[in-house]
Every structure is written in C-alpha cells, then in structure tokens.
Number of protein chains: 2
Amino acid sequence: MSDTFRRMQEFDRRAELVRATLDCIADKGIQGATVRAVAAAAGVSIGLIRHHFETKENMVLEAYRETIRMLTAPCDRVLAAEIESPHERLARFIRASIGGEISDLRILSLWAAFMSQLNADPEMKRIHDEAHLPYRSSFEPLIRAVMAAEGRHLAPGEVARLAIAMTAVIDGLWLEGCLPKQAETSEDYVAIGLEAAEALLRVALPRPTNTKD
Amino acid sequence: MSDTFRRMQEFDRRAELVRATLDCIADKGIQGATVRAVAAAAGVSIGLIRHHFETKENMVLEAYRETIRMLTAPCDRVLAAEIESPHERLARFIRASIGGEISDLRILSLWAAFMSQLNADPEMKRIHDEAHLPYRSSFEPLIRAVMAAEGRHLAPGEVARLAIAMTAVIDGLWLEGCLPKQAETSEDYVAIGLEAAEALLRVALPRPTNTKD
DNA sequence: TCAAAGACTATACAAACGTGCAATAACTAT
DNA sequence: ATAGTTATTGCACGTTTGTATAGTCTTTGA
C-alpha cells in the first residue's frame with residue numbers, strides 16, 4: 001500500500017528517539033532521560049517526542065524493550081541456528097552470553113538502570129519477566145542434550161541445579177567482563193566461562209572458531 | 001508536621017535520613033530520592049535535610065556507602081573471623097556472599113540503582129572502586145590456602161582464573177537468589193554455590209553448620 | 001496543482017525540583 | 001534561671017520537569 005512509506009518514516013524516527021533515550025540513560029541514568037535531553041540528543045524539538053510517544057514513560061518502556069533485544073539477540077541467534085553438535089551449541093551459547101557485542105559498559109549501565117526500576121514500574125516488571133524467564137530456562141535443554149550425547153544420565157533435579165549454576169557463572173562473567181579492565185579482554189572471560197562449564201558439567205567443550213557468532 | 005518535635009543526636013538523625021533515602025531509592029529508583037520524599041519518609045521537614053547534609057547529592061553518596069557496608073559486612077566478618085580450616089573459611093565466605101541478610105530484593109534494587117549512576121557520578125565511581133577491588137581480590141588467597149592445605153600446587157595464572165570464575169558464580173547466584181521465586185530459597189542457592197565451588201576447584205567443602213555466620 | 005495529512009516547531013503552563021533563609025523550639029552549660 | 005547552641009521548621013525563590021496546544025513545514029494522493 002502507498003501509506004507504507006509514511007509508516008516507514010515514523011518508524012525510523014521512533015527508533016532514532018529510542019536510541020537517543022538509551023544514550024541519555026547510559027550517560028546519566030534513568031533520570032537523565034528527560035524529554036529535553038532526549039530531544040537535544042536526537043536533534044529534534046521537544047514537542048516531537050509527544051507526537052511519536054503518547055507519554056515519556058512509553059518512550060522509556062520502548063527503550064527497555066530495545067535493551068532486552070540487544071541483550072538477548074546473540075543468544076537467540078545461537079538457539080535459532082542449526083548446529084548438530086550439542087557441545088558446539090552449548091559452547092556458542094556461552095560465548096554469546098558473555099562476550100561479543102553485549103560485553104559493553106554501556107549495555108551494563110542500561111541494564112542496571114532498568115533493573116532499578118522494576119520495583120516501581122509494574123509494566124517494566126512485566127516486560128522483564130516475559131524476557132527473563134525464557135532466558136533462564138534455555139540452559140536446561142542445552143545441558144540435557146550434551147549429557148544425552150555423552151550417554152550420561154542425570155536426575156532432573158541435578159540438571160536444574162546445574163542450569164542454575166551455569167546461568168549464574170555466565171551472568172557473573174558477563175557483568176565483570178563489561179567493567180573496564182586493563183588486564184583481561186572480554187574474550188578472556190569467554191574462555192573462563194568455557195572452562196567453568198567444563199568443570200561444572202565434567203565434559204570437554206570445543207573452543208569456538210574465530211568466525212563471529 | 002506536628003507543632004512539637006523530638007530532638008535527636010545528630011548522628012542518629014543522619015542515620016535515619018540515610019535509611020529513609022534508601023527506602024525511597026529501593027522503592028522508586030534513584031530519582032525517587034527527592035528531598036521532599038526523603039523528608040516525608042523520615043517524618044521530618046524539608047529543610048532539615050540541608051542542615052545535616054550540605055547537598056542532596058552528599059546524602060545519596062552516604063546512602064551508597066551504607067549500601068556497600070550492608071553488602072560487604074557478612075563477607076568481612078568471615079574474613080575477620082579466626083577459622084583454622086581453609087576449607088571452612090572458603091565455605092563460610094561463599095555462604096556469606098550468597099545467602100543470609102544480603103539475599104534481599106531490596107538490596108539488589110539499591111545495588112542496581114547505584115550501579116546505573118557510576119558513569120554519571122565520578123565520586124560514586126570512586127567509592128565503588130574503593131570497595132569493589134578488595135572484594136574481587138579476596139577470593140585468591142582463600143583459594144590458595146585451600147590448595148596449599150590439599151598439597152596441590154597451581155600456577156599463579158590458574159589461581160587468578162579460578163578466582164574470577166568463583167567470583168562470577170557467586171555474584172550470579174547472589175543476583176538470582178535476590179529475585180523472588182516460589183521454588184528455591186536463598187539457602188538452596190548457597191548449596192548450589194558450594195557444589196559449584198567443589199566442581200571448579202575439585203575439592204570437597206564442609207557444609208556450614210546451622211549457626212549463623 | 002492543490003487540499004488533506006501528518007511530521008515537526010515554538011511556546012506556555014502547572015507541578016515538582018534543590019536550595020536559601022529567617023524564625024523557633026529544645027537541649028546544654030553555667 | 002539564663003544565655004548560647006543547634007536541631008528543626010516553614011516558606012519562598014528560581015529552575016527543571018512532563019505535558020498541552022497552536023501553528024508551520026513537508027509530503028502525499030488525485
């Protein structure tokens with residue numbers, strides 16, 4: 001239809017405003033995302049924000065959705081990819097959860113800013129749970145597949161506990177890897193994550209090749 | 001306000017104002033800590049805040065110091081205690097880092113709120129680094145002592161990597177344990193942390209007794 | 001070519017913000 | 001008792017906040 005072009009324009013502007021919002025939040029925290037600061041960061045007038053978003057809160061919620069998208073995209077790509085070897089799948093999932101594009105102080109700042117709002121904003125809490133619960137439960141099938149391929153059998157409760165431990169070590173390594181260091185690179189944390197997974201699951205994991213993803 | 005007021009020692013009043021500040025931040029995020037909201041939460045007038053704190057920012061900084069104190073107190077107590085067995089020391093440190101009083105959604109909210117401000121506020125960043133770096137390096141001697149007691153020798157780099165992995169899994173378990181769940185208790189996360197430590201370090205650890213700390 | 005639509009600007013406004021300050025009530029020392 | 005100190009109040013000021021609204025500029029469809 002001919003109104004597709006118009007819609008496309010609006011979508012681009014919305015995305016640009018969301019990006020400006022994230023810039024403000026990463027820089028000054030959630031209270032830095034004022035309509036005036038966001039408008040200035042996007043190079044538009046104050047009134048335009050209310051033209052694209054009914055309220056400022058809606059804009060911030062959209063910025064939160066975008067943050068979750070950025071955080072989960074690499075993992076989702078691994079889960080969607082058709083990789084035969086369960087060991088390879090697990091190793092790539094670990095790498096996608098710790099390193100690469102999400103190992104970034106800016107993303108950590110955004111994550112913390114929204115995290116601190118979950119108590120205050122029920123809608124934000126709803127968005128969080130909707131994205132976090134699937135992520136948390138994505139480790140169990142990965143582990144189960146590896147164990148099946150090894151011909152080992154674990155009690156269901158044991159798999160659940162291992163998944164919690166794996167999620168924890170990956171989250172902790174992501175967090176530490178985001179903070180600026182002089183010694184370690186984010187790739188070092190990926191390597192530590194793989195070693196930790198080998199120790200926790202008592203398996204050998206392939207090291208991901210140099211190709212991205 | 002009432003026409004008569006109770007007078008307080010300056011130190012007590014400051015502590016009460018800090019507590020009220022933390023209440024506001026945990027509830028509404030960092031932007032919820034307005035002078036009016038804090039004054040209302042503490043049951044005092046607006047002007048009193050400026051009498052005890054030169055600026056509102058100073059009050060928030062003090063609230064951050066208090067948060068760090070709450071977070072590190074249990075670990076510090078373990079490190080200060082005279083426990084002969086290195087294995088027992090390590091196990092108690094792990095327990096103090098994951099469970100007990102710091103396994104609390106309120107503390108997680110506070111931690112996230114301040115975390116999101118580190119980019120914006122250099123003084124806050126300074127306070128963070130001053131407390132975080134010692135905490136991060138407290139795992140290495142604990143691990144080294146356990147290994148020495150076992151008669152095992154690890155390369156220095158290997159100890160460093162194990163300490164990073166241990167810190168990560170403990171931080172991740174603390175984080176997950178703070179979030180409200182129906183299934184697991186914070187004590188379950190402590191148990192998973194101890195199991196993970198045993199797998200990572202390939203040692204057996206004693207389970208802490210029921211006595212607190 | 002021209003009216004309709006909508007993306008966009010400019011400005012105004014009430015509420016909430018941090019801070020300044022004079023007045024007051026409660027404690028302390030003598 | 002009384003003077004001095006200070007914890008505390010109450011209010012006012014200028015600034016910043018989100019939102020509302022009227023008007024301008026650009027694009028679109030026939």
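Every chain is numbered from 1, with letters handed out A, B, ... down the list of sequences.
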(message) Side chain of Thr55(B), heavy atoms from C-beta onward: which of dT19(C), dT19(D), dG18(D) has the nearest atom to it?
(response) dT19(C)

(request) Compute the angle between the rotation axes at the two ends of the helix from dT1(C)-dA30(D) to dT30(C)-dA1(D), each taken over five pairs, rounded to 10 degrees. (result) 20°

(message) For dT8(D) and Arg13(B) - does any side-chain N or O of the residue sit under 4.0 Å from the phosphate oxygens OP1/OP2?
(response) yes

(message) Rounded to whole Å, please give me the gap between CZ in Arg14(A) and C1' in dA7(C).
(response) 14 Å

(request) Please check the phosphate of dC8(C) (OP1 and OP2 only) for any side-chain N or O of Ser45(A) closer than 4.0 Å. (result) no

Using atom types as modelled, flag every donor-acceptor pair under 3.5 Å from a side chain in residues 22-31 of chain A to any protein atom, sequence neighbours excluded.
{"residue": "Asp23(A)", "atom": "OD1", "partner": "Arg106(A)", "partner atom": "NH1", "Å": "2.5"}
{"residue": "Asp23(A)", "atom": "OD2", "partner": "Arg19(A)", "partner atom": "NH1", "Å": "2.8"}
{"residue": "Gln31(A)", "atom": "OE1", "partner": "Gln117(B)", "partner atom": "NE2", "Å": "3.2"}
{"residue": "Gln31(A)", "atom": "NE2", "partner": "Gln117(B)", "partner atom": "OE1", "Å": "3.2"}

(request) State, to 0.1 Å, how close Asp121(A) and Glu123(A) come at their nearest heavy-atom pair, and which atoms those are. (result) OD1-N, 3.0 Å

(message) What's the closest nucleotide to the side chain of Arg50(B) if the choices are dC8(C), dG20(C), dG18(D)?
(response) dG20(C)

(request) Identify the two heavy atoms, one from Leu194(A) and one from Arg207(A), that lie closest to each other, and give their separation to 0.1 Å. (result) CD1-CD, 3.6 Å

(request) Please report the closest heavy-atom contact between Ala41(B) and Ala20(B), naming both atoms and the distance. (result) CB-CB, 3.9 Å

(request) Please assess Asp76(A) against Tyr135(A) for the test side chain to side chain donor-acceptor pair (under 3.5 Å), listing each intermediate value before the final yes or no. (result) CA-CA 9 Å; Asp76(A) 290 344; Tyr135(A) 168 72; over 6 Å; no

(request) Can you figure out which of dG18(D), dG18(C), dA7(D) approaches the side chain of Lys56(A) most closely? (result) dG18(D)

(message) As a test of reading the structure: which of dT17(D), dC17(C), dA7(D) is closest to the side chain of Arg36(A), going by heavy atoms?
(response) dT17(D)

(request) Name all pairs fulfilling the side-chain hydrogen bond (donor to acceptor under 3.5 Å, both in side chains) condition that reach into residues 59-68 of chain A, sequence neighbours left out, sorted by first residue then second. (result) Arg14(A)-Glu62(A), Glu66(A)-Arg69(A)

(message) I want to verify a distance call: between dT8(D), dG18(C), dA7(C), whose nearest atom is closest to the His51(A) side chain?
(response) dA7(C)

(message) Quick check on DNA chain D: between Ala37(A) and Gly47(A), whose nearest nucleotide comes earlier from the 5' end?
(response) Ala37(A)

(request) Name the closest nucleotide to the Ile46(B) side chain, picking from dT19(C), dG18(C), dT17(D). (result) dT19(C)

(message) Restricting to non-hydrogen atoms, name the atom on Ala63(B) and the atom on Phe114(B) that form the minimum distance, rounded to 0.1 Å.
(response) C-CZ, 3.9 Å

(request) Rounded off to whole Å, could you give me the CD1-to-C1' distance for the Ile49(A) and dA7(C) pair? (result) 14 Å

